[in-house]
Enquirer: 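Take a look at the following structure, please.
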Amino acid sequence: MILPGLNGFAVCAALRARSFNEPILMLTALDAVSDRVSGLDSGADDYLAKPFAMAELRARVRALRRRRVDDRAPRISIGDLELDPATHGVRRGGQQIRLTAREFALLEFLASHAGQIFGQDRLIEALWDADFASESNIVEVYIRSLRRKIDEGRRDGLIETVRGSGYRLGADPPGSADTRVAPSSTVGRDVDSEEAPD
């Protein structure tokens, strides 16, 4: 976003840092993929580049309203990981972890289906809009970011890459026969955490 004396990405990040949990839709002339990723990483829930049709804008606003978390949503616990959908709070081992809105959405989705495997296409369908083609590495970028924040320095990593299938959280121990794959999911590129792009 181009603002006089300000950076829209920084403004968005500052709002999230102050626990502003309302949906944020960025309307901007910056249309490069790198700009979209920066906007979403800064805490925006959606990103719409100019020029755009008013019908599309209204549709995106309606979609954001549908995604709003019910304040009565129960907390989610996976081992020592705790998520509070009402406040977007995340703790592991009692330590608070700060996530962007999109990182939280991905973690919440995986935690809500603990142990279930989701391919890249299924995650894009659930959490991103049609602007992100299945060939994009956006899922890998966010999975790697979550691993840094959730699993870094721990031997009991919760986010797992299941070769040839996708990703899951809170999976059964390696070698378990329970490898449930989400219906209609397709296989994303097989990437280990240390190989994911920055």
Side-chain angles (χ1 to χ4, degrees), residues 7-21 23-24 26 30 32-47 67 69 76 78-85 87-93 95-114 116-129 131-163 165-171 185 187-198:
N7 180 308
F9 300 146
V11 171
C12 186
L15 286 171
R16 292 309 188 199
R18 288 168 173 76
S19 299
F20 181 83
N21 292 321
I24 295 177
M26 284 191 174
L30 304 178
V33 172
S34 59
D35 293 320
R36 295 178 185 180
V37 171
S38 295
L40 296 171
D41 278 343
S42 70
D45 297 277
D46 201 356
Y47 189 105
R67 293 177 197 168
V69 177
I76 302 171
I78 307 293
D80 62 351
L81 177 69
E82 295 183 359
L83 288 77
D84 187 345
T87 64
H88 283 198
V90 178
R91 291 180 177 273
R92 186 164 189 200
Q95 298 297 313
Q96 184 173 355
I97 299 171
R98 181 168 295 174
L99 302 180
T100 68
R102 189 71 67 170
E103 288 170 343
F104 183 88
L106 175 56
L107 182 63
E108 181 187 20
F109 184 85
L110 293 173
S112 297
H113 304 84
Q116 194 168 353
I117 302 169
F118 290 93
Q120 175 174 282
D121 288 356
R122 179 67 181 87
L123 292 173
I124 289 178
E125 176 187 347
L127 300 171
W128 280 272
D129 56 49
D131 289 339
F132 291 92
S134 60
E135 292 79 10
S136 168
N137 70 339
I138 192 70
V139 172
E140 297 167 20
V141 170
Y142 275 86
I143 287 289
R144 182 168 185 177
S145 180
L146 280 177
R147 278 187 171 129
R148 288 198 196 102
K149 296 180 179 182
I150 301 297
D151 289 340
E152 186 172 21
R154 295 176 177 270
R155 304 186 70 174
D156 55 339
L158 290 174
I159 302 173
E160 179 185 0
T161 299
V162 179
R163 290 189 177 277
S165 296
Y167 306 98
R168 65 179 172 184
L169 185 142
S185 66
V187 178
R189 285 188 293 166
D190 186 25
V191 178
D192 290 325
S193 59
E194 59 271 17
E195 296 175 348
D198 292 324

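All heavy atoms count here, side chains included; hydrogens, waters and symmetry mates do not.
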Enquirer: Over 60° means perpendicular and under 30° means parallel, so tell me whether Phe118 and His113 are parallel, tilted or perpendicular.
Expert: perpendicular
Enquirer: Less than 4.5 Å apart, any side-chain heavy atom of Val139 and any of Tyr167?
Expert: yes
Enquirer: Please find the pair of heavy atoms, one from Ile117 and one from Gly166, that lie closest to each other, and give the distance.
Expert: CG2-N, 3.8 Å
Enquirer: Against Ser145, only a single residue in Glu140, Arg102, Glu103 fulfils side chain to side chain donor-acceptor pair (under 3.5 Å); can you say which?
Expert: Glu103
Enquirer: Below 4.0 angstrom, N of the basic side chain to O of the carboxylate: do Arg168 and Glu160 qualify?
Expert: yes
Enquirer: How close do Phe9 and Ser42 get, heavy atom to heavy atom, and via which atoms?
Expert: O-CB, 3.3 Å
Enquirer: Nearest 0.5 angstrom please: Leu107 CG to Leu83 CG, how far?
Expert: 4.5 Å
Enquirer: At what distance, to the nearest 0.5 angstrom, does CG of Leu106 lie from CG of Leu169?
Expert: 9.0 Å
Enquirer: Say you draw a straight line from CZ of Phe109 to CD1 of Ile76; how long is it, rounded to the nearest 0.5 Å?
Expert: 11.5 Å
Enquirer: Can you confirm whether Leu81 sits close enough to Val90 that some side-chain heavy atom of one is under 4.5 Å from a side-chain heavy atom of the other?
Expert: yes
Enquirer: Going from NE2 on His88 to CZ on Phe20, what distance comes out if it is rounded to the nearest 0.5 angstrom?
Expert: 11.5 Å
Enquirer: On a heavy-atom basis, which atom in Met26 and which in Cys12 lie closest, and how many Å separate them?
Expert: CE-CB, 3.6 Å
Enquirer: Within this structure, what is the OG1-NZ distance for the pair Thr100 and Lys149, rounded to the nearest 0.5 Å?
Expert: 5.5 Å
Enquirer: For the pair Asp41 and Arg16, find out whether any cationic side-chain nitrogen is under 4.0 Å from an anionic carboxylate oxygen.
Expert: no
Enquirer: Does the side chain of Leu123 reach to within under 4.5 Å of the side chain of Tyr142, using non-hydrogen atoms?
Expert: no
Enquirer: Taking all heavy atoms of Ala105 and all of Leu127, pick out the closest pair and write down the distance.
Expert: O-CD2, 3.9 Å
Enquirer: Taking the basic N atoms (NZ, or NE/NH1/NH2) and the acidic carboxylate oxygens, is any pair closer than 4.0 Å for Asp151 and Arg92?
Expert: yes
Enquirer: What residues, two or more places apart in sequence or in another chain, satisfy side chain to side chain contact (heavy atoms under 4.5 Å, CB included) together with Ala32?
Expert: Ser34, Asp35
Enquirer: Are side-chain heavy atoms of Ile143 and Leu110 found at a separation under 4.5 Å?
Expert: yes
Enquirer: Roughly how far, to the nearest 0.5 Å, is the CG atom of Asp46 from the CD1 atom of Ile24?
Expert: 11.5 Å
